[in-house]
Number of protein chains: 2
Amino acid sequence: MNNNRKRMETMHKMRAKGLELFYQKGYHATSVDEILKELSLSKGAFYHHFKSKEDFFISIIQNIIMQKVYAQLVEPLTQGKSPVSAIVDSIENALNMAEHNDMDCGFVLANFLNEFNKGENNIVKYLRDIVKIWEINLISLLKKGRSDGYISWSVNCEEAATYIIASYMGIRTLMVGNSAKIMKYQYVQQLKSYLYAMEQREQAVI
Amino acid sequence: MNNNRKRMETMHKMRAKGLELFYQKGYHATSVDEILKELSLSKGAFYHHFKSKEDFFISIIQNIIMQKVYAQLVEPLTQGKSPVSAIVDSIENALNMAEHNDMDCGFVLANFLNEFNKGENNIVKYLRDIVKIWEINLISLLKKGRSDGYISWSVNCEEAATYIIASYMGIRTLMVGNSAKIMKYQYVQQLKSYLYAMEQREQAVI
DNA sequence: ACTTAAACCGACCGCTTGGTCGGTTTACTT
DNA sequence: AAGTAAACCGACCAAGCGGTCGGTTTAAGT
């Protein structure tokens, strides 16, 4: 087997299992040994590929978390009849995935953001970048929807994007352990009435 | 000095400093020694009053966090001209406190909920109880507002309460480190337009 | 076949952690 | 003043942590 390919495969296995355990137990509560034990790999292998636990986690953020969030919450925004339905569909779908996942521990971004939102560190920077990408895509979708006549001109798109992201982060935290199905339904209903209120109606100043 | 009073004072000092450090650095990332060092107290004193670190934290939740959340988010609901303005005012005020606190690390309940939302443990139960208290107070306020004609009968109060709580938890996470002032403003504007849409309008079935 | 470099191993190190325990001080009771 | 029970001390422990390092295996290049 090609050596570089082997390197990539090993690193990917470590990252995948690392994210799984970090997500389930938290970064600080998960030891490097624990990850390696499940993979039957040694510490030597780990520190041959990554220079530290933190470096390892940053590579997980950029290589896996980034892609997952993008695939689940950003890309789906390009589909859908209208901007509002694209947003509702993407979020509703993400919540369905969470609801039917017995091991759901919340929104991966919010979890780590919370864990690292203490006294400046590098990691939080990378996490915020991902949130920012979601945010700017939401904003531009809303703005386009406004230009195309789907959304009232009275809507402030930046404000709306912030509100949508905040509410999604919160509901994912609330859903964990609680009766996820009910909470999801309650949330989606209110999200819809919030977003539907943006459509048309006040055909304001051009 | 009365011995029992001394006991209470010492326990309170430990709880106060414990919450301060747990909030700033996280529960797992804060050691018992660290708390005791800042108080110039010994481990012996700590384990004389509390049977474990977890027991200590639970007593913090029930004695301090409970009161703080109640004072900041539940009690203010009884004041204000209308239900909607009571909700907006309480949340806006809480966000102002966070904005002007340089050491703000997010919503204390959401932080710990996130940290302990992993594989069943006792602590998460106590945290959820506090959220529940906030929730039922929000619901009954909204229902009363509906009866009193402030809020449209088409509004589902349980759904609205869930949505409000979720969005607040999320915005507090987003505000940390980011330009809190702008985010707060964006959020409050959208919260208002969400809540104002509930008032009157559809004067539905009695 | 020989070289070379990367992948990998696992014992080891220094440090911190939550928790224990025998002993000392403090303060209330009688 | 003596007795007693509490509050408190701090050395200690086993376990676990992130990280190191000298050595071994594997595989690609020549």
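Heavy atoms only: backbone and side chains are in, while hydrogens, waters and symmetry mates are out. Naming convention: chains lettered A, B, ... in sequence-line order (proteins, then strands); numbering from 1 in each chain.
By the side chain to side chain contact (heavy atoms under 4.5 Å, CB included) test, B:Ala98 is found to be paired with B:Asp104, B:Arg172, B:Met175, residues two or more places apart in sequence or in another chain being considered. For B:Ser90, there are no side-chain hydrogen bond (donor to acceptor under 3.5 Å, both in side chains) partners at least two apart in sequence or on another chain. Here A:Lys68 pairs with nothing under the salt bridge (Lys or Arg N to Asp or Glu O under 4.0 Å) rule; sequence neighbours left out. For B:Tyr23, the ring-ring contact (aromatic ring centres under 6.0 Å, His included) criterion is met by no residue, not counting sequence neighbours. Legend: residues meeting ring-ring contact (aromatic ring centres under 6.0 Å, His included) with B:Phe46, ordered by chain and number and at least two apart, are B:Phe50, B:Phe56.
Between the side chains of B:Gln189 and A:Tyr163, no donor-acceptor pair of N or O atoms lies under 3.5 Å.
Pairs of residues two or more places apart, or lying in two chains, that qualify as ring pair (Phe, Tyr, Trp, His ring centres under 6.0 Å) and include a residue from residues 67-123 of chain B are B:Tyr27-B:Phe116, B:His28-B:Phe116, B:Phe57-B:Phe112, B:Phe57-B:Phe116, B:Phe107-B:Tyr168. Screening residues 106-119 of chain B for salt bridge (Lys or Arg N to Asp or Glu O under 4.0 Å) gives no qualifying pairs among residues at least two apart or on separate chains. Applying the salt bridge (Lys or Arg N to Asp or Glu O under 4.0 Å) test to residues at least two apart or on different chains, the pairs with a partner in residues 133-157 of chain A are A:Lys132-A:Glu135, A:Lys143-A:Glu158, A:Lys144-A:Asp148. Among pairs with a residue in residues 161-170 of chain B, none fulfils salt bridge (Lys or Arg N to Asp or Glu O under 4.0 Å), at least two apart in sequence or across chains.
Distances shorter than 4.0 Å separate none of the side-chain N or O atoms of B:His48 from OP1 or OP2 on D:dC8. Contact between the side-chain N/O atoms of B:Tyr47 and the OP1/OP2 oxygens of C:dT20 is not found at any separation under 4.0 Å.
A heavy-atom distance below 4.0 Å to DNA chain C is reached by these residues of residues 16-39 of chain B, ordered by number: B:Thr30, B:Ser31, B:Val32. Residues of residues 49-63 of chain A that place a heavy atom closer than 4.0 Å to DNA chain C, in numerical order, are A:His49.
Rounded to a whole Å, the CE atom of A:Met8 is 14 Å from the P atom of C:dA6. Atoms NZ (A:Lys6) and P (D:dT26) sit 10 Å apart, rounded to a whole Å.
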Distances for protein N or O near nucleotides 11-15 of chain D N or O, under 3.5 Å:
none

